[in-house]
Structure formats: C-alpha cells, structure tokens
Amino acid sequence: MRTIDLNCDMGESYGHWRMGQDAAIMPLITSANIAAGFHGGDPATIRKTVGIAVEHGVAIGAHPSLPDLVGFGRRVMKITPQEAYDLVLYQAGAVEAFARAAGARLHHVKCHGAFYNMAANDDTLAQAIVRAVKDLGGGTLLYALSGSRMMKIAAAQGVRAIAEVFADRGYEDDGTLAPRDAPGGMIEAAEKSVAQALGMVEDSVVVSRHGVRVAVAAGTMCLHGDQPGAVVFAQALRRAFAERGLGFAAP
C-alpha cells in the first residue's frame with residue numbers, strides 16, 4: 001500500500017485560551033507539529049500534547065515560530081540567520097525535552113507561519129534552519145514546502161527533508177501558498193480538500209487558485225488544526241484515501 005504522512009499543527013493553546021481540537025484530531029493523523037511557545041503553546045500544553053501523541057503513536061515534531069504571540073506567528077519579521085538558527089534550536093529543544101520525558105523522541109521540525117514562508121525561498125534563512133535541524137542530531141527530519149529552496153539546501157547539507165503539500169490551502173502559480181485572506185487562500189469545503197489532496201498524491205499536481213497546474217512532490221500533507229472543520233476534513237481524507245488503496249504513515 002502506498003502511504004503518505006498526514007501532519008497537523010497542534011498544541012497551539014496558551015494558558016486559558018484554547019485553539020483547535022487536538023484530542024479529536026490526533027487519532028486521525030500520523031505526525032504532529034507541536035507549538036513551542038512563540039506563537040502559541042506553553043509548557044503545560046506541550047506536555048499534554050506530547051502525551052496525546054504518544055498515546056496514539058503519532059510522530060512528534062517541533063513547530064518553531066517567529067516570536068509573535070500577538071500575531072500568532074503570521075506577521076513577517078526581519079531576522080538574521082543567527083536569530084533563525086537560535087529560534088529553531090531553542091523551540092525544538094523544548095519539545096524534544098518533553099518528548100524524551102514521555103519516553104519518545106523528536107521526529108521532525110516544521111517551521112510555522114511567516115517563518116515557514118520566509119524561509120521557503122530565502123537561502124540565508126533556509127541555511128540557518130537546516131543547520132539547526134542538523135545540529136539537533138538524532139536523525140531529526142525537516143518538513144519543508146515542496147519545490148522550495150529549503151528542500152535543495154537541506155539535500156546539500158545532508159539533512160533529510162520531507163516535501164510538504166497542503167490539503168486545505170490554496171496555491172499561487174509559482175507553487176507557494178496563497179495568503180490566507182486572499183480569495184481561495186483557505187479551502188473551506190471538505191470535498192474540495194479531498195480532491196486537491198488526491199491530485200497531489202496520485203498525479204503530483206496541484207491546481208493554483210488561478211487555474212495553473214503546478215508540479216508538487218507529496219511526502220507529507222498538512223491539515224491545519226486551527227480551522228473549524230479540521231476533524232471533518234481529516235475524516236474525509238481518511239475515507240477517500242482508503243477507497244483508493246492509499247494509507248497514512250509517518251516517514
């Protein structure tokens with residue numbers, strides 16, 4: 001059976017503020033990107049989210065962000081490569097510590113929001129992030145946008161990077177993600193998400209919001225946990241993939 005990883009951004013609650021449906025989504029995914037406090041998440045939330053992941057056999061990833069709690073990590077900031085390295089190592093180290101305490105290990109790193117988008121085509125930031133993942137050791141994987149500069153830089157530095165595609169986001173003609181607030185930037189219908197997901201996995205193509213066919217490599221597929229329909233989307237993806245003889249497994 002052909003398989004693909006289904007990942008989800010998790011643990012983004014903070015204090016008494018709650019984000020997402022982590023407990024309901026976790027049994028439906030194969031890897032979790034856990035916030036480490038800079039856009040969401042706090043020590044207790046990291047511990048609880050790691051615990052749920054271990055309970056369901058879900059691979060544990062760190063989800064480092066720019067330091068932007070107020071903007072939920074979605075605002076562009078000017079940072080140096082050294083700051084990018086420090087941000088990744090610091091936040092991944094926090095998630096790794098909780099994973100180790102729970103008898104598990106850190107499986108991967110996936111940057112969040114603006115940090116992810118900035119590094120996709122900025123060589124200096126990408127190099128710093130790749131170096132941080134490499135310095136984490138233990139065979140830690142890097143999740144990066146399919147077709148991005150980050151993928152090429154990771155390969156050159158000997159870091160295994162998994163090409164990521166998105167089941168619930170619209171694409172631009174160049175293969176980058178459309179802004180969330182742009183028309184078609186977020187996919188809100190489960191059937192449309194399923195159709196896009198199957199196209200990316202079976203045909204290695206995604207249709208941009210302007211109708212352009214863009215080549216992609218689907219190594220891991222993201223479903224955002226902060227959207228209201230995340231559980232319904234995940235259930236629909238699992239049903240549709242099972243009908244096609246496709247399965248889900250972490251890389």
Side-chain angles (χ1 to χ4, degrees), residues 7 9-15 17 19 31-43 45-47 49-50 60-100 105-164 166 169 174 176-177 179-180 220 222 224 226:
N7 79 73
D9 303 343
M10 311 287 277
E12 293 177 320
S13 299
Y14 192 86
W17 181 73
M19 167 68 80
S31 67
N33 319 308
I34 300 176
F38 279 46
H39 75 282
D42 54 44
T45 302
I46 297 173
R47 173 178 50 79
T49 309
V50 165
I60 296 167
H63 200 35
S65 168
L66 297 172
D68 183 23
L69 273 175
V70 173
F72 200 64
R74 291 180 178 158
R75 298 183 293 189
V76 173
M77 292 182 177
K78 185 176 181 179
I79 61 171
T80 67
Q82 185 61 60
E83 288 170 329
Y85 174 91
D86 294 344
L87 285 168
V88 171
L89 206 63
Y90 182 93
Q91 294 175 75
V95 177
E96 181 181 32
F98 279 103
R100 190 183 305 119
R105 58 177 286 269
L106 184 68
H107 174 265
H108 68 276
V109 170
K110 173 192 166 180
C111 292
H112 166 79
F115 199 14
Y116 182 97
N117 293 329
M118 287 163 57
N121 294 301
D122 183 315
D123 285 8
T124 58
L125 291 182
Q127 287 166 357
I129 291 167
V130 169
R131 182 163 58 90
V133 173
K134 188 172 186 176
D135 287 350
L136 283 166
T140 305
L141 306 179
L142 174 65
Y143 287 9
L145 181 66
S146 173
S148 67
R149 292 287 302 160
M150 180 98 77
M151 292 292 299
K152 297 180 177 65
I153 289 169
Q157 293 195 23
V159 171
R160 185 183 173 198
I162 308 300
E164 183 175 36
F166 290 77
R169 292 292 306 276
D174 62 356
T176 59
L177 296 178
R180 282 174 170 260
T220 182
C222 177
H224 285 90
D226 62 344

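When reading the values below, keep in mind they use all heavy atoms of this one structure, side chains included, and skip hydrogens, waters and symmetry mates.
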Quick one: pull up [atom1] in [X] and [atom2] in [Y] and give me the separation to the nearest 0.5 Å.
X      : Y      : atom1 : atom2 : answer
Leu136 : Glu96  : CG    : CD    : 6.0 Å
His63  : Ile34  : NE2   : CD1   : 10.5 Å
His112 : Asn33  : NE2   : CG    : 10.5 Å
Leu66  : Leu69  : CG    : CG    : 11.5 Å
Leu89  : Lys134 : CG    : NZ    : 14.5 Å
Leu141 : Arg160 : CG    : CZ    : 5.5 Å

Heavy-atom side-chain proximity of [X] to [Y] below 4.5 angstrom:
X      : Y      : result
Phe98  : Pro43  : yes
Arg131 : Pro81  : no
Glu12  : Phe72  : yes
Cys222 : Tyr143 : no
Met77  : Glu83  : no
Thr220 : Lys110 : no
Val109 : Gln91  : no
Leu125 : Ile79  : yes

For [X] versus [Y], what's the shortest heavy-atom pair and its separation?
X      : Y      : value
Asn7   : Asp9   : OD1-OD1, 4.4 Å
Ala62  : Ala92  : CB-CA, 3.6 Å
Ala154 : Leu142 : CB-CD2, 4.3 Å
Ser13  : Thr45  : O-OG1, 3.8 Å
Val133 : Val88  : CG2-CG1, 4.5 Å
Ala35  : Gly11  : CB-O, 3.5 Å

Would you check, one step at a time, whether the test side chain to side chain contact (heavy atoms under 4.5 Å, CB included) holds for Val130 with Met150?
CA-CA 8 Å; Val130 169; Met150 180 98 77; 4.0 Å; yes
Answer yes if the ring centres of Phe38 and Phe115 are under 6.0 angstrom apart, and no otherwise.
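Ring centroids of Phe38 and Phe115 are no less than 6.0 Å from each other.
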Sub-3.5 Å donor-acceptor pair from the side chain of [X] to the main-chain atoms of [Y], do we have one?
X      : Y      : value
Arg105 : Gly138 : yes
His39  : Asp68  : no
His107 : Ala32  : no

Can you find a side-chain donor-acceptor pair between Thr124 and Asp122 that sits under 3.5 Å?
yes
Looking only at side-chain N and O atoms, does Gln82 offer a donor or acceptor that is under 3.5 Å from a partner on Asp86?
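Per modelled atom types, Asp86 and Gln82 side chains form a pair under 3.5 Å.
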